[in-house]
Structures are given as structure tokens and as C-alpha cells.
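Data block below; observations after.
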Amino acid sequence: MSNAVGYSYLSTLNDVQRNAVTTIHGPVMVIAGPGSGKTRVLTFRIAHLLNSGAHPGQVLALTFTNKAAREMKERIEKVAGNDANKVWAGTFHSLFARILRAEAHRIGYPNDFTIYDSDDTKSVLGDIIKSMNLDKKVYAPGQVRARISAAKSNLITPKAYAANDDLMALDRMDRRPLIYQIYEKYVAKCLRAGAMDFDDLLLQMYKLLYQNPDNVREKYQRQFKYVLVDEFQDTNYLQYQIIKILTKYQGSEENICIVGDDAQSIYSFRGATIENILQFEHDYPTVQTFKLEQNYRSTSFIVEAANEVITNNKKQIQKKIFTEKGDGMKIKLIKAMTDTEEGKRVADTIIEQKNRFNLSNKDFAILYRTNGQSRIFEEQLRRYNIAYRIYGGLSFYSRKEIKDLVSYLRLVVNDKDDEALKRVINYPKRGIGNSTIDQIAQMADDNEVSMWEVLSRIEFNSRAAKSVGEFVGIIKAAKAKAMLSNAYDAAVYIAKASGILSELKSDTSLEGQGRIENLNSLLDGIKEFVEDDEIAEGETTMDKSLAAFLQTISLMTDQDNDAEDQDTVTLMSIHAAKGLEFKSVFVVGLEENLFPSYQSLITQDQVDEERRLFYVAITRAEEHLTLTYANSRYQFGNMRFNDPSRFIEEIGDKNYDPLTIMSNKASSEIKSNPFGEPKLLGNFKTKALNQPLPTVDPATFVANKPEEIKVGQKVLHLKFGLGEVKHIDQSMIATILFEQLADRPEKRIVLNYTKLQIVE
DNA sequence: GGGGGCTATGGGGGG
DNA sequence: CATAGCCCCC
């Protein structure tokens with residue numbers, strides 16, 4: 001083994017960093033504060049492994065986000081050159097998906113399995129819940145999904161779930177005692193559809209290694225001699241078990257390096273557990289630990305603020321982050337009356353800072369708690385002609401027109417994919433309605449086959465028979481085409497043959513044109529994929545099939561495309577911003593019920609996690625940090641008043657720009673709610689305070705017949721209160737002015753559907 | 001049985 | 001504000 005000191009890149013590291021990089025034998029744990037050079041340590045470590053004789057294909061580097069993976073790959077390339085793209089660096093989900101695409105047949109799945117996204121999952125669960133005649137309100141698919149996801153993340157099978165007293169008691173308390181049955185049916189249905197959800201990418205990987213068909217476990221244990229895990233604090237139990245199988249076995253060198261920071265643990269909602277860090281020291285007793293405490297990113301007031309905030313969390317690994325970058329600027333606080341004003345003031349401040357500090361757009365980030373907050377900032381930035389880019393939110397691949405074509409592609413690749421089939425069987429409209437679809441689904445269920453099998457085998461007598469035949473023909477032709485050509489040619493064929501293209505072209509509206517553009521950029525993306533000539537490690541042929549393409553896109557979320565080097569302001573959720581840094585950062589929407597989120601206010605643990613999220617947010621800033629909040633904002637369609645976030649106080653006055661405190665923080669002590677009513681505590685059903693719900697007593701309410709309603713009458717509506725009928729058109733649609741509705745008093749009411757009581 | 005239009009409902013973060 | 005569900009009409 002070569003002597004590390006000879007490598008020039010090592011001289012750019014501090015002592016602790018260097019030790020973390022050069023300790024390449026045995027388990028290593030790096031506790032890395034924000035801005036402490038964590039990514040440098042990881043990438044230099046990989047470079048160092050390669051320089052010390054490791055083959056790039058032996059290195060497995062696991063991250064959580066595509067962004068982090070991409071950045072890591074780029075940086076490895078800088079240090080290690082071309083070998084970089086042979087390193088197995090990527091997200092847990094994408095790397096495991098890649099392995100499963102080679103191995104899934106060993107555990108009963110097709111190698112061309114479909115990846116179900118959360119919409120698919122919810123739709124499957126919805127069907128199951130319906131078929132069991134359960135109430136969709138009680139068994140909300142989203143919540144059922146969360147329970148199942150948690151079970152999978154903790155390696156609890158449906159059987160084990162049913163046998164687990166705690167889980168069952170909890171479900172009984174929630175009046176959802178049958179979740180275990182839904183879970184069981186869901187697993188069976190996915191298997192039958194040849195589909196894996198996001199949790200399955202981990203779970204089936206675990207199964208593959210655990211059940212060890214054809215000694216596949218040894219194969220990967222041997223291959224991945226060096227394992228690195230980024231953001232280890234965000235791993236869940238299942239992920240940790242997989243890591244353990246890969247690195248802890250008879251004769252293992254246990255060359256595993258985990259990097260993490262307990263203070264930045266922000267993913268417990270998807271099962272991440274801080275226990276893993278504690279357990280790690282127990283499972284790998286020879287572990288060598290390195291603490292990176294020097295922050296190279298931010299100036300002093302920012303670092304101090306972060307330190308102060310985090311002391312409010314009792315449970316944490318002791319460390320003191322420090323910086324030598326000087327005091328820098330104090331933190332600004334902006335109080336706005338409304339969410340619109342908040343957007344405007346942020347845009348103003350960006351312009352001001354650009355001029356004063358000679359910054360460009362790309363130096364700025366606006367970070368928010370929920371993606372829904374982005375709209376207002378977009379509008380304001382557009383007004384000032386400031387280029388921006390939004391990450392996350394409704395991603396490209398979740399647009400309707402994209403999902404439609406992708407569903408066709410999915411069905412062509414895997415005809416057992418019932419979710420895809422249901423989406424496209426009657427799109428574009430070809431006369432196959434719900435009852436026919438229900439019938440097919442029922443038959444498929446009864447015979448435990450896929451819907452496609454029902455379609456392609458059974459003659460239909462119904463009116464829809466001809467249309468069904470047509471549909472089957474389209475898909476069969478497309479399947480044949482896909483066998484013979486690459487993904488791009490196949491996709492173009494399907495876009496035409498399915499009728500999607502002509503359907504979209506017939507819509508000449510502005511949105512319609514946008515949809516065609518989107519569809520074209522999907523096709524461009526496929527073309528790019530086909531023409532990309534980079535070959536991944538472990539693959540002997542270039543896989544340009546539709547199946548390969550579908551797999552890559554199903555794991556993408558943010559617009560992962562190009563535009564990296566453009567000069568744009570970044571708008572993203574705080575979760576998405578983890579690991580990134582900007583000269584000037586705005587953390588916006590600092591209000592109780594928003595940040596911390598109203599859903600987090602129930603337990604201390606959840607508030608603590610929100611606080612860690614805040615910690616992550618403010619430590620993204622290098623030189624300028626601005627916190628903003630609004631007295632009132634539109635939330636869920638209503639004006640809401642929230643108090644300033646508790647986090648604002650926790651930073652400590654000495655870190656604030658005193659001018660901004662005087663004008664903002666002090667005045668915020670005046671209660672923001674002009675009505676003096678109790679503040680909204682996390683119940684989104686509560687109506688806005690300046691617009692109290694009209695009270696109509698249902699007990700005394702007597703509805704009149706629709707034909708009795710006449711123009712000019714005063715009428716009562718159960719929800720909207722008192723109104724005056726302004727107009728009734730031929731189709732019995734009445735325009736009624738409801739005096740108690742402040743924002744949009746005029747409503748168009750279909751008389752036949754609505755109960756109205758004539759008052760005078 | 002299928003299509004269109006209205007209303008009611010629910011609403012976090014990400015792979 | 002988007003989607004699901006419902007109702008009427010064809």
C-alpha cells in the first residue's frame with residue numbers, strides 16, 4: 001500500500017479530514033458538522049482508495065439524493081479522472097434498482113419490473129380498500145401507505161404485522177384494524193404486477209441478499225470491498241441492515257465509512273432513525289471516529305446562530321462548530337404584512353444585495369418549508385426580471401401528459417403493470433368507460449392475473465368490445481416495435497399510435513401547446529438517453545431499451561436536466577437544499593404552523609426535527625442570511641394569521657442586525673391577529689379568522705324545491721350563509737351573492753344539486 | 001354504459 | 001388549488 005503523504009490532494013485537508021481520508025482499513029465514522037468539508041472527505045477518500053489500489057468497481061458510495069450523487073461523481077472525476085464513472089456512486093434507490101434489474105428474477109420478479117411511485121401505490125391501495133368495502137375516509141390511502149412503508153422499512157412482513165401487538169393496538173385505536181390485511185393484499189398485488197414501490201427497492205434488495213439465491217450475496221459482498229454512506233443519520237433500519245449484510249460477515253475487512261451529523265437528521269418521516277449511529281458503534285466495535293468541527297462555509301454570526309438554535313434540542317452528540325472566516329454580516333430579519341409582501345421584500349433585497357455586494361443570481365437561494373410557498377416568490381422574481389429556477393415540487397415527470405405517455409411505455413415494457421393500463425386504456429378517449437374497466441379489474445382479481453391478460457384473452461360482448469380490441473392491437477404492435485428498436489424510436493411510435501400526439505395537437509390553447517412542448521422534451525430526453533454513450537460499471541452492453549429508460553426516470557424527482565451553469569436564483573425546499581451552499585440565503589415563511597409545521601406540533605420529537613431542519617436551512621448560508629415571515633398568508637385557500645416562528649427567538653439577539661430587529665421583531669410582539677381570537681392550532685379545517693364561517697343551524701334549515709328559487713330572493717345556504725339570488729340561467733344555474741364571503745362572494749350554484757332555503 | 005361538468009375534499013418533506 | 005366522486009344527460 002502506498003504512503004498517503006505523497007498525494008498532493010491530501011495537503012489541502014486539515015488534520016482530522018486527512019485522517020478520515022487515509023484511514024481506509026476497518027470501520028470509520030465521521031461526524032461532520034455543516035460546511036466542515038464532508039463531501040471533500042468523501043470524494044478524497046474515494047480518490048485515495050483508488051490511488052491505494054482499489055478497483056473503482058469495488059467502491060460503493062451511497063447517498064440520499066440524486067443531486068448529492070451527481071455532485072459526488074463530478075468531484076471524484078476531478079480528483080480521480082475517468083475512473084470516476086466506474087465507481088458505484090448513487091442513491092440507495094437507484095443503485096439497488098440497478099442491481100435488481102440484473103437479479104430480480106431470482107426472487108420472483110421480472111428483471112424489467114416496474115417502479116410504482118407514490119401515486120401508483122395510493123391508487124393500488126385505494127382499489128384494495130374499495131374492494132374490501134372499507135371507508136376511504138377512515139382508511140385514507142396516503143396514511144395506509146405510510147403505515148405500510150414504515151412496516152417495510154422496519155422489515156415487518158404482513159404476517160409479522162398481524163402478530164405485532166403494538167402495531168395492531170395502534171391500528172385499532174385509529175379505527176383501522178384491517179391495515180394488516182390491506183398490507184398483505186398490497187404486497188401480493190405488487191408482486192403480481194411485477195412492480196416494486198420505493199420501499200421495495202430496498203426491501204427486495206435485502207431479500208435478495210438475505211435469501212441468497214445462487215450465492216448472490218457473496219457475489220456482492222466480494223464486489224463491494226469499500227462501502228461509503230453519506231448522510232448516515234438519514235438511513236432507516238432496513239437500509240442499515242443492507243449495509244450490514246454487505247460489510248459485516250465472516251472474513252470481512254469491514255471497510256465501511258459512514259458520514260453523518262445527528263444535528264442534520266431531517267428524514268424521520270420516512271423511517272430514518274438516529275439509533276443507527278448509536279448502533280453502529282456497537283456493531284463495529286473497532287470503529288475509528290473523526291469529528292469535523294471546523295466550518296469552512298459560513299461567517300461567524302451565522303455559525304453562532306446555528307449553534308444557539310441547536311442547543312434547544314436536548315438529544316445530540318456533543319460538538320462545537322467553529323469558523324475562522326471572521327464575523328461577517330449579521331442576520332437580517334424581515335417582517336411582512338402579507339405573503340405577497342414577503343415575496344416582494346425578498347426580491348427587493350436580492351436586487352439590493354446584488355448591487356451592494358456584487359453578487360449574481362446564482363449566489364442566492366430562497367428556502368422554504370413547503371413547495372407550495374414557491375409560487376409567490378416566482379411571481380415577484382418574474383416582476384423584477386430576475387432569473388430563477390425551482391427545484392422539486394411538481395416535477396416534470398408528474399405532469400399529466402408525461403405520465404400518460406410514460407404509462408404507455410410502462411405497459412409496453414411490463415404488461416402486468418395494471419396501474420399503467422388503467423391510466424391509458426381510455427386515454428385518448430376510445431369508449432372504454434369505468435364499468436368496463438371495473439369489470440376487467442374484477443376478472444383479473446378473481447383469476448389472479450393481470451388486467452392485460454384478461455384483455456388479450458377474453459372476448460368482450462359489450463359495447464366496448466371493439467374499442468378494447470383496438471387498444472389491445474395498439475399495445476401489441478408497440479410491444480413488437482419496442483423489441484426491434486431503441487427506446488426513442490419505440491416511444492415516438494407509441495406517441496403516434498396511441499393517439500396521444502393527435503389528441504394533444506387538437507388542443508390549440510396555450511396550455512395545450514405547453515403540453516405538446518413537454519411531451520416533446522420527454523421524447524428529447526429519451527433521445528439523449530439513447531445517444532449517451534457512457535457505459536456503467538458492471539454492464540457489458542449498452543442497454544438502450546425502454547425498460548432501462550423507464551427505470552432511470554422513475555427515480556428522478558427534481559428537474560435533473562441541464563441548466564446547472566445558468567445564472568439563476570435557486571428556489572427549493574429546505575429538504576432539497578441539504579448539502580448545498582449559497583452566498584446569500586433567505587429562509588422564508590418563519591411562522592408557527594408553517595415552520596414548525598402544524599403537523600409537527602404534536603410531539604416534542606417532531607418539533608426537534610423541525611428545529612434540525614431550521615439548523616440545516618441557516619447553515620446553507622456563506623455570508624448573508626435573511627429570515628422572513630409574514631403576518632398573514634393564504635393557506636389552503638384562506639387568509640391565515642400565524643405568530644412568528646419560535647425559531648426566530650432561538651437565534652439570540654446578538655446575531656441579528658439590530659436595525660432589522662427594531663423594525664421587525666419588536667413590532668411583532670404586538671399580536672398579529674387583529675381579531676384577538678384564539679390562534680389557529682394546526683387544524684386546517686378551521687376557517688380564516690377574518691372570514692368566519694356563516695352559521696346556519698342545520699336543525700331549523702328547511703330546503704325549498706329548486707324550481708321555487710327566483711331571482712331577487714334572499715336565500716340561506718348551509719355552508720355559505722345568507723345570499724341574494726342575482727341570476728338564474730336556462731340550465732338552472734343560479735348566480736348568488738353571499739354577503740358573508742369576503743374574498744369571492746359570488747358563487748354559481750346548480751340549483752338541482754344544492755339545498756337552499758328561501759328567507760324572503 | 002360513457003362523457004361532461006359541478007361540488008366536495010384534503011392539504012409535508014423525498015426516492 | 002388539484003383530484004375524486006357524484007349526478008345528469010346522451
Side-chain angles (χ1 to χ4, degrees), chain A residues 62-69 90-97 115-119 121-123 126 130 136-137 140-143 146 149 153 196-202 231 234 236 239 266-272 367-373 375 391-395 397-400 426 429-439 462-465 467 553-558 560 572-578 589 593-600 606 609-610 612-613 616-617 634-638 682-685 718-720 731-733 747-754:
Chain A
L62 297 161
T63 68
F64 276 85
T65 62
N66 295 313
K67 228 174 165 36
T91 63
F92 279 87
H93 292 86
S94 70
L95 292 183
F96 292 170
I115 297 174
Y116 274 175
D117 64 20
S118 21
D119 286 342
T121 295
K122 276 187 264 182
S123 158
K130 209 168 164 187
K136 259 200 176 149
K137 305 267 160 50
Q143 289 170 32
S149 173
S153 304
M196 298 193 197
D197 63 21
F198 289 132
D199 298 310
D200 279 323
L201 294 177
L202 310 176
E231 310 281 11
D234 290 335
N236 62 33
Q239 285 165 318
I266 55 174
Y267 280 104
S268 74
F269 70 89
R270 63 174 198 211
L367 306 181
Y368 33 76
R369 178 64 180 84
T370 66
N371 284 311
Q373 289 164 255
R375 209 197 75 244
Y391 292 80
L394 190 71
S395 96
Y397 294 102
S398 50
R399 288 162 206 245
K400 183 188 173 307
N426 198 32
K429 296 247 179 306
R430 48 174 74 88
I432 307 173
N434 289 334
S435 55
T436 305
I437 297 173
D438 284 349
Q439 227 179 311
S462 68
R463 186 160 10 146
S467 315
I553 64 163
S554 54
L555 295 171
M556 285 192 198
T557 43
D558 45 19
D560 276 326
M572 56 170 51
S573 73
I574 301 165
H575 281 91
K578 179 132 154 227
N593 296 323
L594 180 60
F595 192 14
S597 149
Y598 64 94
Q599 276 134 314
S600 75
Q606 288 187 68
E609 176 148 320
E610 296 283 307
R612 291 193 294 270
L613 192 59
V616 168
Y634 273 97
Q635 247 176 315
F636 311 135
N638 295 302
N683 181 358
F684 58 79
K685 286 198 177 92
L718 271 175
K719 194 172 149 200
F720 303 136
S731 38
M732 294 290 279
I733 296 174
K747 294 217 176 269
R748 280 161 58 78
I749 302 273
V750 182
L751 292 178
N752 287 323
Y753 304 156
T754 319

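Sequence lines set the chain letters: A, B, ... in the order given, protein chains first and strands last, and positions in each chain run from 1.
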Next item on the list: Specify the residue among A/G431 and A/I266 whose closest nucleotide of DNA chain B lies further upstream toward the 5′ end.
Entry: A/G431
Next item on the list: By nearest nucleotide on DNA chain B, pick out whichever of A/E609 and A/I432 is the more 5' one.
Entry: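 Residue closer to the 5' terminus by nearest nucleotide: A/I432.
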Notebook entry, point to check: Does the side chain of A/T121 come under 3.5 Å of the side chain of A/S118 through a donor N or O and an acceptor N or O?
Noted result: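 Distance-only check fails for A/T121 and A/S118.
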Checklist line | Polar contact flag, side-chain donor to acceptor under 3.5 angstrom, A/Q439-A/T436 | finding: no
Taking the side chain of [X] as heavy atoms from C-beta outward, which of [options] is closest to it?
{"X": "A/S118", "options": "B/dG15, B/dG3, B/dG14", "value": "B/dG15"}
{"X": "A/Q606", "options": "B/dG15, B/dG12, B/dT9", "value": "B/dG12"}
{"X": "A/R270", "options": "B/dG15, B/dG14, B/dG12", "value": "B/dG14"}
{"X": "A/T436", "options": "B/dG10, B/dG1, B/dG13", "value": "B/dG1"}
{"X": "A/H575", "options": "B/dG15, B/dG12, B/dG13", "value": "B/dG13"}
{"X": "A/S573", "options": "B/dG13, B/dG15, B/dG10", "value": "B/dG13"}
{"X": "A/R369", "options": "B/dG15, B/dG1, B/dG13", "value": "B/dG13"}
{"X": "A/S600", "options": "B/dG12, B/dG1, B/dG15", "value": "B/dG12"}

Notebook entry, point to check: With sequence neighbours excluded, what pairs up with A/F64 under the ring-ring contact (aromatic ring centres under 6.0 Å, His included) test?
Noted result: A/F92
Next item on the list: Would you please name every residue forming a ring-ring contact (aromatic ring centres under 6.0 Å, His included) with A/Y267, sequence neighbours left out?
Entry: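 Scan of A/Y267 (ring-ring contact (aromatic ring centres under 6.0 Å, His included), adjacent residues dropped) gives A/F269, A/H575.
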Would you say [X] reaches [N]'s phosphate, i.e. side-chain N/O to OP1/OP2 under 4.0 Å?
{"X": "A/T65", "N": "B/dG14", "result": "no"}
{"X": "A/N371", "N": "B/dG13", "result": "yes"}
{"X": "A/N434", "N": "B/dG3", "result": "no"}

Next item on the list: Using a heavy-atom cut-off of under 4.0 Å over every strand shown, decide if A/Y267 touches base, sugar-phosphate, or nothing.
Entry: sugar-phosphate
Check: Base, sugar-phosphate, or nothing: which does A/D117 touch, judged by heavy atoms less than 4.0 Å apart?
Finding: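 Since no nucleic acid heavy atom lies under 4.0 Å of A/D117, the category is nothing.
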Rounded to the nearest angstrom, tell me the gap between atom [atom1] in [X] and atom [atom2] in [N].
{"X": "A/N236", "N": "B/dG15", "atom1": "CG", "atom2": "C1'", "answer": "11 Å"}
{"X": "A/K578", "N": "B/dG15", "atom1": "NZ", "atom2": "C1'", "answer": "13 Å"}
{"X": "A/Y368", "N": "B/dG14", "atom1": "OH", "atom2": "C1'", "answer": "14 Å"}
{"X": "A/L613", "N": "B/dG14", "atom1": "CG", "atom2": "P", "answer": "10 Å"}
{"X": "A/F595", "N": "B/dG13", "atom1": "CZ", "atom2": "C1'", "answer": "11 Å"}
{"X": "A/L367", "N": "B/dG12", "atom1": "CG", "atom2": "C1'", "answer": "16 Å"}
{"X": "A/Q439", "N": "B/dG2", "atom1": "CD", "atom2": "P", "answer": "8 Å"}
{"X": "A/M572", "N": "B/dG14", "atom1": "CE", "atom2": "C1'", "answer": "13 Å"}

Atom [atom1] of [X] and atom [atom2] of [Y]: how far apart are they, to the nearest 0.5 Å?
{"X": "A/I574", "Y": "A/L367", "atom1": "CD1", "atom2": "CG", "value": "6.0 Å"}
{"X": "A/Q239", "Y": "A/D199", "atom1": "CD", "atom2": "CG", "value": "9.5 Å"}
{"X": "A/S94", "Y": "A/L201", "atom1": "OG", "atom2": "CG", "value": "9.5 Å"}
{"X": "A/E610", "Y": "A/L594", "atom1": "CD", "atom2": "CG", "value": "9.5 Å"}
{"X": "A/E231", "Y": "A/I266", "atom1": "CD", "atom2": "CD1", "value": "7.5 Å"}

Next item on the list: Kindly confirm whether the side-chain ring of A/F198 is stacked on the base of B/dG14, judged by centres under 5.5 Å and planes under 30°.
Entry: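 No; centroid distance or tilt outside limits.
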Would you tabulate the nitrogen or oxygen pairs shorter than 3.5 Å linking the protein to nucleotides 2-5 of chain C?
unit_1, atom_1, unit_2, atom_2, d
C/dG5, OP1, A/K136, NZ, 3.1

Item checked: Contacts of type salt bridge (charged side-chain N to carboxylate O under 4.0 Å, His left out), residue A/R375, not counting sequence neighbours -> A/E379
Checklist line | Residues forming a salt bridge (charged side-chain N to carboxylate O under 4.0 Å, His left out) with A/R270, sequence neighbours excluded | finding: none
Check: Can you find a donor-acceptor pair, distance only, under 3.5 Å between A/E610 side chain and B/dG12 base?
Finding: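 Under the 3.5 Å cut-off, the side chain and the base do form a donor-acceptor pair.
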Notebook entry, point to check: Dot-bracket, DNA chain B: Watson-Crick or G-U, under 3.5 angstrom, [ ] crossing, | other strand?
Noted result: ||||||||||.....
